[in-house]
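Because only heavy atoms are used, hydrogens play no part in the values below, and waters and symmetry mates are left out as well, while side chains stay in.
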Protein chains: 2
Amino acid sequence: MPPDSRTTSPTRPMRADARRNYDRILAVAAEAIAEHGAEASLEEIARRADVGSATLHRHFPSRQRLLEAVFRDKVEALCATAADLAADPDPGQALATWLGAVARHAVSNRGLAASLMRGAHDGDPTLGATCHTMITNAGADLLARACRANAARPDVSIADLLKLVNAICLAVEREPDGAAQADRLLTLALTGVHPAGGTAGRKM
Amino acid sequence: MPPDSRTTSPTRPMRADARRNYDRILAVAAEAIAEHGAEASLEEIARRADVGSATLHRHFPSRQRLLEAVFRDKVEALCATAADLAADPDPGQALATWLGAVARHAVSNRGLAASLMRGAHDGDPTLGATCHTMITNAGADLLARACRANAARPDVSIADLLKLVNAICLAVEREPDGAAQADRLLTLALTGVHPAGGTAGRKM
DNA sequence: CCAGAACCGGAGTGCCACCCCAGTTAGGTG
DNA sequence: CACCTAACTGGGGTGGCACTCCGGTTCTGG
């Protein structure tokens, strides 16, 4: 979605210079976030993009907006992956594979997990389709299929599953071997701690 | 452990006024952290404790030190719980129960999860027994027992397990129904997504 | 009671997010 | 082409933060 359209469409296209600045900020922001994570300094992004800080704040009124813009294409890629996997003959593995892909994206793109997490319910109704809802919708389908194939418990929600994945990624994001750890923890979470499919409950 | 002793003990006890300030800062910090989480403003804590910011920084050279001091007794309680549970006839459930207790503490004491997480490897060798290592040691025993009883996979480490719990708590900490969510996610992670203990692997 | 060590806190530094407003520029119109 | 206006810009201001320096104050042992 180009940045010049609002949810109510009849808006004039951006002026050429404005769009130039917008694009430059976005490119620089991607670098900075990859380097310093979701808490990268906005001031420095503006500086590196040769732009006043006011300009950055005008184009992206909140940090969350900037993150969403930076990660939009990654999120779209994940949604596309989900669509592909919807045709997989093994719905259970398709779901697991997709969650693994989400995790891999999240650890290799610092800040993505934080962005998806924060976007959950930050109450910005002006933003129609946030990355968070896009991902949720994409995953809901895979989970439903896995459920029907009896490969997932019916009482688990896609929101919970994604929260789990994002939590893991957020936690290991700053560690050197983050990818390996994320993979290990995700596998653990999906298969449980019991050795060979025991079904012991938990008492509190 | 009283704050006037270092790992090498021959240190004079704190002066009375210094200890007074130390205690007041700690009390105020506990409130502030409960209210605003681990990122509470140190400046405001100093202000509320009627103390110059320099005094706060002298007593607690880093945010992590302050967090550790605030949560020390909670962590000791968890370690005691672990010791009790070591006698439980069902090692698998004992482990699960303890992890649940850790989670409950972490969601009801904002900042605890962050503190335990950050303490993992922040390279502060001057601090002998951090909360992180205390918890890890306490849990290692429970996990070893569960392992011996074939109630936990042998390839799972206590570090991973705690990382998982803390990640979950960190993620749901700011949500209104955090406790319920944490419990649900923890159960999910411990038992896996498969309906009745299936053992399907994951392909990436 | 008094010397000196321990301790205190205000003022200073440098970073940050975010806002205001006077000046500049793009781009449609005559 | 020149011009006019709305859109856009960015320097500088505000307020908050973590953290440090240093002259002054307060404990405490002898």
Side-chain N,O (T55(A)) to OP1/OP2 (dG10(D)) below 4.0 Å: yes

Can you give one letter per nucleotide of nucleotides 22-30 of chain D, 5' to 3': B if a protein heavy atom sits under 4.0 Å from the base, S if only from the sugar-phosphate, - if neither? ----BBS--

Write out all pairs satisfying salt bridge (charged side-chain N to carboxylate O under 4.0 Å, His left out) with one or both partners inside residues 139-148 of chain A, taking only residues at least two apart or from two chains. none

Where chain A begins and ends its contact with DNA chain C, read 5' to 3' at 4.0 Å from heavy atoms: dC16(C) to dG27(C)

Spacing between H59(A) atom NE2 and dC8(D) atom C1', to the nearest angstrom: 8 Å

Steps toward side chain to side chain contact (heavy atoms under 4.5 Å, CB included) verdict (L42(B), S53(B)): CA-CA 8 Å; L42(B) 300 182; S53(B) 62; over 6 Å; no

Round to the nearest Å and state the distance from R47(B) atom CZ to dC19(D) atom P. 15 Å

Walk me through whether I33(B) and V70(B) qualify under side chain to side chain contact (heavy atoms under 4.5 Å, CB included). CA-CA 9 Å; I33(B) 290 172; V70(B) 166; 4.2 Å; yes

Could you check R110(B), R174(B), R118(B) and say which one makes a salt bridge (charged side-chain N to carboxylate O under 4.0 Å, His left out) with E39(B)? R118(B)

dist N109(A):CG -> R104(A):CZ (nearest 0.5 Å) comes out at 11.5 Å

Those residues that, when tested against R15(A), pass side chain to side chain donor-acceptor pair (under 3.5 Å) (two or more places apart): D17(A)

Atom-pair distance (OH on Y22(A); P on dT9(D)), nearest Å: 13 Å

Any Lys/Arg nitrogen of E43(B) or R47(B) sitting under 4.0 Å from an Asp/Glu carboxylate oxygen of the other? no

R48(A) with E35(A): basic N within carboxylate O range, under 4.0 Å: yes

Are R153(A) and T191(B) linked by a side-chain donor-acceptor pair shorter than 3.5 Å? yes

May I ask you to list the residues of residues 27-46 of chain B, by number, that have any heavy atom positioned under 4.0 Å from an atom of DNA chain D? A40(B), S41(B), L42(B), E43(B)

Sorted by chain and number, sequence neighbours left out, salt bridge (charged side-chain N to carboxylate O under 4.0 Å, His left out) with D177(B) holds for none

